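What you see below is based on every heavy atom in this structure, not just the backbone, and it leaves out hydrogens, waters and symmetry mates. Model, not experiment: these values are computed from the prediction. Start at 1 and go down the list; that is how both ligands and their atoms are numbered.
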Amino acid sequence: MERTFVMIKPDGVQRGLISEILGRLERRGLKLVAMKFMQVSRPLAEEHYAIHKGKGFYDGLIEYITSGPVVACVVEGPNAIALVRQTVGATRPHEAAPGTIRGDLAVMVGRNLVHASDGPETATTETALWFTPDELVEWEQPALKWIVE
Ligand code: IDP
Ligand code: MG
């Protein structure tokens, strides 16, 4: 079973879209294994977005992510990484398909509501960056037998 890291960015929290965004992932059939509501420190934001350092939007991105609380999560499921990226939609909301979170709820790349790991490597490193191993909860979800064959 695959796991991926998801974060509702400060605009999602400020706009009251936590339940809307988490609800879409929950209803899709993904299993929550970790979640916390937190203010992101500058060092954490810089490490999380290290790959974008030096790009024109980097400073604004760090300001954005540290501007208010976020909801950090890990979700699990078959092909969870691809499923979540698909449900989140394209980076630029005007290119995101209707039915996706960004395609339905956002208009600008700099306020695109949610982060999701883009591959197995980032899913692993981002999960380890945002959560300690004991924050990942092992639990049984009987309804999963109706979702995962
Ligand atoms: P992703 O979030 O879809 O994986 P990335 O290309 O990894 O997209 O970019 C990370 C984040 O940086 C985006 O979600 C967005 O918040 C921000 N970002 C990317 N490109 C731009 C831009 O051109 N202007 C402003 N912000 C940007
Ligand atoms: Mg990315």
Legend entry - Cationic N near anionic O, under 4.0 Å, E63 to R42: yes
So the salt bridge (Lys or Arg N to Asp or Glu O under 4.0 Å) pairs with at least one residue in residues 138-149 (sequence neighbours excluded) are R3-E138
Heavy-atom contacts under 4.0 Å to ligand 1, chain-then-number order, include exactly K9, Y49, H52, F57, L61, Y64, R85, T91, R92, R102, V109, G110, N112
Look at the aromatic rings of H115 and H48 and report parallel, tilted or perpendicular, splitting at 30° and 60°.
perpendicular
Less than 4.5 Å apart, any side-chain heavy atom of I8 and any of L113? no
Would you say V74 and W130 make side-chain contact, with heavy atoms under 4.5 Å? no
| field | Ionic contact status for E135 with K36, cut-off 4.0 Å | value | yes
